[in-house]
Amino acid sequence: MSIVPYDKPISKWTLHKNAAITMGERLCAAGTAARRMDIWLRGDSMKECSQRIEYTYCPECGSLHLRRTNLCRDRLCPLCAWRLSLQRTGEMMQVIEYLHQKRGSLSAAMLTLTIKNCPAKKLNDTLTQMLRGWDRLMKRRAIQKWVAGYARSIEMTRASNGEYHPHIHVFLLWEAGYNKDISQREWAEMWRQSMQLDYTPIVDIRSAYGKTSDASEWDKLVAASVEATKYAIKGVSLQAIPDSDLINVADALKGRRLLSYGGCIRAARQALKIAADSAEAPADVSDMSIECPKCGCTDTVALAYNWAQNTDGTTGAYLLAPWPYIV
């Protein structure tokens, strides 16, 4: 039998699945202590997230594709956050390719908008204030004149003093003819006025950049778009949230529009028929086709894995019999 290279994707699933179980248990405990049935239910659902996962392996080209799984879609679920980040990356690459064909060369920038840190109990109000400030910022004359499209996401980290640092990442596409007419100081002042602050916040604006000094223009566009549409909370930040703050964070993120698109990027998503709600939650995968989406081969193998607890108390994935066998 040929060897099926499943170790890498399954090891990633195992890593994020274990993290989801841990976070689910913490939410259940927090919900029980606070007598919040809604929080307990979110934790219970998170523990059951993606109990079974199936892949399609193509022996012709050696590719491995996700075939079927079920997700809890909770904002605090590490497994769903991982799936959502992959989904967003794939969608943005489609959008950039589409816009490149339609508009020719693309000029892009990365914008980061911040405000002062806040305690967990004020996180909900702070996020509301930031989203309202963002709406006011987008209505300003200079923005409407020069910004052709954007992808905006909210990210939250936890500072060493225990306060939280919500901030906004924006991938901007400029209109033709833009030549850096808006300075960083002007961005900071526009953000201050939009947020109605009594201090000047820190704002960073720079041209799209890649991970290496010799990155191509395409690599820079992809890297910048991925940076602007990543996790709301990174795995490290999730683990750092103390139990005392967990409900405040869960309430602050629930029902939020954490990622939005505008201008030509929104139009491109519509033209490509990308679902509007895919920006906020990972889609359940259910593809029963036996055809390889990469090369079209129909001699593929379905690999199904179930999550189980071993007799020694450890957890992990075990492989059900592949079908059909590769001879």
Side-chain angles (χ1 to χ4, degrees), residues 19 22-23 26-27 30 33-34 36 39 42 74-78 80-81 84-85 88 109-138 140 143 150-172 182-206 209 224 226-260 279-280:
T22 299
M23 180 56 68
R26 292 181 61 197
L27 277 175
R36 288 278 302 273
I39 297 295
R42 287 175 64 178
D74 196 287
R75 292 282 173 77
L76 288 178
C77 176
C80 287
L84 183 57
S85 69
R88 288 175 173 176
M110 272 295 301
L111 172 67
T112 304
L113 305 169
T114 75
I115 61 171
K116 289 182 179 179
N117 295 351
C118 67
K121 62 182 180 181
K122 292 186 177 180
L123 189 56
N124 192 46
D125 291 340
T126 300
L127 290 179
T128 298
Q129 181 187 11
M130 292 184 74
L131 290 174
R132 289 174 180 170
W134 167 259
D135 288 340
R136 288 190 286 265
L137 180 66
M138 288 297 100
R140 300 188 72 92
I143 305 299
Y150 66 82
R152 183 273 300 158
S153 69
I154 289 182
E155 183 182 3
M156 188 179 69
T157 56
R158 187 169 182 268
S160 58
N161 64 356
E163 291 190 326
Y164 290 84
H165 177 56
H167 51 283
I168 294 177
H169 289 293
V170 193
F171 173 68
L172 296 173
I182 311 174
S183 68
Q184 183 159 309
R185 180 175 296 180
E186 288 172 317
W187 275 107
E189 179 57 22
M190 287 191 296
W191 180 233
R192 185 193 70 79
Q193 293 178 11
S194 298
M195 285 293 294
Q196 301 173 350
L197 302 173
D198 58 1
Y199 62 90
T200 301
I202 296 175
V203 170
D204 182 73
I205 178 76
R206 62 185 69 187
Y209 54 90
V226 170
E227 177 71 16
T229 56
K230 58 185 182 180
Y231 305 101
I233 309 180
K234 294 180 181 178
V236 174
S237 297
L238 270 175
Q239 296 171 9
I241 299 173
D243 292 343
S244 58
D245 291 351
L246 203 52
I247 289 182
N248 284 318
V249 175
D251 285 342
L253 294 180
K254 184 179 180 181
R256 296 282 184 186
R257 193 177 182 186
L258 299 178
L259 176 62
S260 68
E280 295 295 347

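Counting begins at 1 with the first residue of the sequence. For the numbers below, each heavy atom of this structure counts, side chains included, while hydrogens, waters and symmetry mates do not.
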Problem - Criterion side chain to side chain contact (heavy atoms under 4.5 Å, CB included) on N248 and L123, from CA distance to verdict - result: CA-CA 7 Å; N248 284 318; L123 189 56; 5.8 Å; no
Practice task
Show the numbers, then the answer: is there a side chain to side chain contact (heavy atoms under 4.5 Å, CB included) between L258 and E155?
Solution key: CA-CA 8 Å; L258 299 178; E155 183 182 3; over 6 Å; no
Practice task
Determine, step by step, whether R152 and S260 satisfy the side-chain hydrogen bond (donor to acceptor under 3.5 Å, both in side chains) criterion, reporting the C-alpha distance in whole Å, the side-chain angles of both residues, the deciding distance to 0.1 Å, and the verdict.
Solution key: CA-CA 5 Å; R152 183 273 300 158; S260 68; 3.0 Å; yes
Practice task
Go through the steps to decide whether Y164 and D245 satisfy the test side-chain hydrogen bond (donor to acceptor under 3.5 Å, both in side chains), and finish with yes or no.
Solution key: CA-CA 10 Å; Y164 290 84; D245 291 351; 2.9 Å; yes
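To the nearest 0.5 angstrom, L111 atom CG is 9.0 Å from Q184 atom CD. A distance of 11.5 Å separates CG in L27 from OG1 in T22, rounded to the nearest 0.5 Å. One finds the CD atom of E163 at 11.5 Å from the NE2 atom of H165 (value rounded to the nearest 0.5 Å). To the nearest 0.5 angstrom, E189 atom CD is 10.5 Å from S183 atom OG. Considering CD1 of I39 and CZ of R42, their distance stands at 5.0 Å, rounded to 0.5 Å. Note that CE of M130 and CD1 of I168 are 4.0 Å apart. Values are rounded to the nearest 0.5 Å.
Remark: side-chain polar atoms of R132 are not paired, donor with acceptor, to backbone N or O of M195 under 3.5 angstrom. With hydrogens and angles ignored, the 3.5 Å screen pairs a side-chain donor or acceptor of R192 with a backbone N or O of L197. Judged by distance alone, the side chain of W191 and the main-chain N or O of I115 form no donor-acceptor pair under 3.5 Å. Side chain of S153 to backbone of A228: a donor-acceptor contact under 3.5 angstrom is found. For the pair R36 (side chain) and I247 (backbone), a donor-acceptor distance under 3.5 Å is absent. Of the possible polar contacts, one joining the Y199 side chain to the K116 backbone as a donor-acceptor pair under 3.5 Å is found.
In this structure F171 satisfies the ring pair (Phe, Tyr, Trp, His ring centres under 6.0 Å) test with no other residue, sequence neighbours excluded.
The nearest pair of heavy atoms linking R75 to L253 is NH1-O, 2.7 Å. A pairwise comparison of heavy atoms in I241 and R158 identifies CA-CD, 4.4 Å as the closest pair. In plain terms, the two heavy atoms of P78 and M23 that are nearest each other are CD-CB, 4.2 Å. Taking each heavy atom of A250 and L76 in turn, the nearest pair found is CB-CD1, 3.6 Å. Pairing each heavy atom of N124 with each of D251, the nearest pair is OD1-O, 3.9 Å.
Within 6.0 Å of the CD1 atom in I202, the count of heavy atoms belonging to other residues, nucleotides or ligands does not exceed 12.
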